[in-house]
Amino acid sequence: MANVVRLVLPDGTSREVPRGTTGAEVARSIGPGLARAALAVKLDDQVLDLDRPIERDGRFAVLTAQDEAEALELVRHDYAHVLAEAVQRLFPGTQITFGPATEDGFYYDFAPPPGRGPFTEADLPAIEEEMRRIIRADKPLRREVWDRDALIAKWRAEGEHFKAEWAAELPEGEEITVYWSGEDWMDMCRGPHLPSTGRLDPEAFRLTRVAGAYWRGDPARPQLSRIYGTGWLNRAQLEAHLARLEEAARRDHRRLGAEMDLFHFQPEAQGSVFWHPKGYALWRTLEAYMRRRLDAAGYVEVKTPQLMDALQWQRSGHWGKFRANMFVVPDEVPTTDEGRPPVSGAGRWMALKPMNCPAHVLIFRQGQKSYRDLPIRMAEFGCCHRNEPHGALHGLMRVRQFTQDDAHIFCREDQVEAEIVAFIDLLDSVYRDLGFERYAVKLALRPKERYGTDAEWDRAEQRLRDAVRAAGRMSPEYGWEELPGEGAFYAPKLEFHLTDAIGRTWQVGTIQADTVLPERLDATYIGEDGERHRPVMLHRAILGTFERFIGILLEHHAGRLPPWLAPVQAVVATIVSDADAHALAVVERLKAAGLRVEADLRNEKINLKVREHSLAKVPILAAVGRREAAQGTVAVRRLGGQGQEEMSVDAFVAWLRAEATPPDLKRRR
RNA sequence: GCCGCCUUAGCUCAGCCGGUAGAGCGGCGCAUUCGUAAUGCGUAGGUCGCCAGUUCGAGUCUGGCAGGCGGCACCA
C-alpha cells in the first residue's frame, strides 16, 4: 500500500500528500486563507470532518461558506446538536433522540424529563440563550468511533433509552461514531460536523416553534417534544429568511380569501367552504375552462349520486379500508319524537360518496361495451365528502367537502400508454395556462395493504414509468422521484405536485392505472375475439380538487389573478359625480361583452378608489372624469402600474375582451 | 386523532398583581365634487369562544368543551 494519496483539486491540478494527512492540513498547504475559511472537506462525494485523515485517492475540495447548500446543511446539523446539548443542560433528565437538518433549518426531538410535560414556546428564549453560550464557548467537536455494544450499554446506563433502541437496531459490527462537544457532552451521529461550535454564528439562528412528533413516526409509540429552528451562515441570511416568511404570510390563501372576499369557514360546517360571490365567480371560470379542455380532449361528462348504498362501497373495497373516514347515513325516516335521537340506525347504511369511481363503473356497466367503444373518458365534477381527521384540516388545502375534476378512462391494455402520455400533455398545458411553469412528478408505489397480485402491481408500476419516460418528464427538472409504499390500495399513483407560498408541496394532479377495481366491480367489454375482457381503468385528475387548486392558485399569484381568472376584471370609477352616467354606460357596454365589471360611483376621491381597488387586486381600473365623459373615453390603469392610458370606450371594450380571453380560447382564434 | 399555543367590537390588536372594557381601521351620519395608493368632523357598536368552579367580585385564576393556528400521524 502506497504511503501517499493523490488528490485532484477542483482546478484540475493534483497533489500528493502522505496517507493519513488531515483535511485541515491539506487546506493549510493550499493556503492559510482557505484553511481559516474551511468548514469541512469533500473527498469525491463524501463530506468529511476537517480532522479526518485522508486515506485514499480522490477528487478533493475544501468546503467553505461559498459552497452554500452543503455549508448550510453542515451548519444546520450542528445547530441541531447545540440545541440538544442546551436542552439537556437546562432540563436534566431530558432524553435526546434524533435531530436532522431541514429545508431551512433544523429540529430535534426530545423526551422531556418525567412529570415535566412537553416543552412550550415559553421555554425557547432560555434555550436560545444557552445555545449562544455553547457557541461562544467555542467547544471543539470531536469524532470518536465506538463499539456498538459498549455504546448501547453507555446509553442504557445514562437512561437514554431512545438512543439505546436506535443503536441496537444498527447492524452488528457496524462502526458507530459519536461526536463530543468539548469533553462533557456527546451524541451518536454519523457526522460530519464543523471543527468547533464557535464556527456557528450565534446571531444566525432562531428557535421557531414546538410541536409533538411520534417516535419513529409511529402513533403507537411515545410522542416526543420537537423543537424547530431556522439556521443560517450569518445574520443577514437569517434576516432575509424571516422577511421571506413575512412575505409568505401575506400571500397565504386564507388571508387573501378574506381580504378579497372570496370565501370563509365557520364551525357550523367545519372543514367545508362557504364560497362568496367573488370566490364562486373564480370557481365557475375555472370550471368552464376545464370543461372546455376536457370536451376538446374527447371526454364525456356525467353526474352520479351523492349517496350510495354501503354495499357498493363494500364491493369496491373502500368500506373496508376507509370506512372511518366516510360520512355514513342510515336510510331511515327520522323520528319526530322530542328527546329521542332522530335516527335509530336500524335502516340500511348509505354513505356520502368519498370518490366517484364506483359510480362511474356502474355507468360503464350499463349495456355491453365493445372494444370499439374504448377508450371511454368519463368525466365528472364530482362533489365528494371525506371525514378527515380534525388535525388534518387546513384552509382550502385540506377540506371535508370538495369537488374534483375527476375522470376515469376505461381502455384496453394496448391503449394505456398513449392515454397516459396524452393525459400528461393535457395536464402540462393546463398548468401552463394557469401560470405554473414548474411542478414535480412523483410515482407512488404499492402500499403494504393492497388488492391485486404482485404481477399486476409490477405491470401497473412499470406502465406508469414507461409513460413518464415517453412523455419526457422523468428528469430532475420535474423533481422525478419514486415513493415506496405510498400508492392507493388498488393502484400505483403518478402524482403531480405544486408548492404553496411557504414551501409546502401539495398533490394536485394524479393518474392511476388500475386493474383491481374493474375486477372487483366486474367491468367488462367484448373484445375483437368475442370474449369478455377487463378494461384498465385510469383514475385521473388535473386540478385535483377545485378547493385546493384555487388555494394554490391564489398563493402562486399572490392574489393578483390574470384578468381572465379575476372575479372582478375591471372597475369603472368616477372622479366627479358628473361622470356617473358615462361610467354606468361604460359598465353596461362591458357587461354586454360578457365581462365581470363593477362601477364605483362613491363620493370619494380617486386616490382612495385607486388604493382600495388595488388592494382588492382588481386587474384593471378605468377612471372617468369630466374630460372622459365629454369625449367618450376612459383612463385605463393596470394593477401595479404607474401611469394610465386614455382610450375610447370602443377601444377599451375590445382591449379588455382580448385581455380577459381564456388562453385556450385565444389559441382557437 | 396526538402534542403545543391561541380565542376581547365587522377586521387587526391593547387591557398590569382579579375591582363591571380601549385604540386604529371598517360601518353609519353630515360636510366635501376632488385627476390616479388613505378628505374632514361626528356617531353607533362588546353575553370578553362556550360551560362549570374558586372568589365579596373573573376578560384576568382553575377545570372541561368547541373552534382556530403550527407540527406529528392520516390523505382512496
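Per chain, numbering begins at 1; letters A, B, ... match sequence-line order.
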Distance in angstrom units between A:Ile575 CD1 and B:C34 P, rounded
10 Å

Could you tell me the separation between the CD atom of A:Gln270 and the P atom of B:G1, rounded to a whole number of Å?
8 Å

Does the side chain of [X] get closer than 4.0 angstrom to OP1 or OP2 of [N] through an N or O atom?
{"X": "A:Lys493", "N": "B:A76", "answer": "yes"}
{"X": "A:Gln404", "N": "B:A76", "answer": "no"}
{"X": "A:Arg254", "N": "B:G70", "answer": "yes"}
{"X": "A:Asn607", "N": "B:A37", "answer": "yes"}
{"X": "A:His394", "N": "B:G70", "answer": "yes"}

What are the two closest non-hydrogen atoms of A:Leu256 and A:Leu262, and how far apart are they?
O-CD1, 4.4 Å

Under 4.0 angstrom, heavy atoms only, what part of the nucleic acid is [X] near: base, sugar-phosphate, or nothing?
{"X": "A:Pro354", "answer": "base"}
{"X": "A:Asn325", "answer": "base"}
{"X": "A:Ala488", "answer": "sugar-phosphate"}
{"X": "A:Gly217", "answer": "sugar-phosphate"}
{"X": "A:Tyr490", "answer": "sugar-phosphate"}
{"X": "A:Thr120", "answer": "sugar-phosphate"}

Is there a donor in the side chain of [X] and an acceptor in the side chain of [Y], or the other way round, less than 3.5 Å apart?
{"X": "A:Gln270", "Y": "A:Ser272", "answer": "no"}
{"X": "A:Gln88", "Y": "A:Glu160", "answer": "yes"}
{"X": "A:Tyr451", "Y": "A:Glu519", "answer": "no"}
{"X": "A:Trp319", "Y": "A:Gln312", "answer": "no"}
{"X": "A:Gln404", "Y": "A:Thr545", "answer": "no"}
{"X": "A:Lys442", "Y": "A:Gln507", "answer": "no"}

Give, ordered by number, those residues of residues 314-322 of chain A having at least one heavy-atom distance below 4.0 Å to an atom of RNA chain B; if nothing qualifies, reply none.
A:His318, A:Phe322

Side chain of A:Arg209 only, heavy atoms from C-beta on: which candidate in B:U33, B:G71, B:G4 is closest?
B:G71

Test ring-ring contact (aromatic ring centres under 6.0 Å, His included) on A:Tyr108 and A:Tyr228; report intermediate values, then the result.
CA-CA 7 Å; A:Tyr108 207 106; A:Tyr228 279 95; over 10 Å; no

With distance as the sole criterion, do the side chain of A:Glu628 and the base of B:G35 form a donor-acceptor contact below 3.5 Å?
yes

Look at the side chain of A:Tyr214 and the base of B:G1, then say whether one donor and one acceptor between them are separated by less than 3.5 Å.
yes

[atom1] spacing across the pair [N] / [M], given as an integer number of angstrom:
{"N": "B:C25", "M": "B:A44", "atom1": "C1'", "result": "16 Å"}
{"N": "B:U20", "M": "B:C72", "atom1": "C1'", "result": "43 Å"}
{"N": "B:C56", "M": "B:C51", "atom1": "P", "result": "23 Å"}

Can you check B:C17 for me, syn or anti if syn means within 90° of 0?
syn

Could you pick out which residue, A:Glu495 or A:Asp218, lies toward the 5' side of RNA chain B when each is mapped onto its nearest nucleotide?
A:Asp218

Are the side chain of A:Thr97 and the backbone of A:Asp109 linked by a donor-acceptor contact shorter than 3.5 Å?
yes

Represent RNA chain B in dot-bracket notation, 5' to 3'. Only Watson-Crick or G-U wobble pairs with both distances under 3.5 Å count; pseudoknot-style crossings use [ ] and interstrand partners use |.
(((((((..((((.....[..)))).(((((.......))))).....(((((..]....))))))))))))....

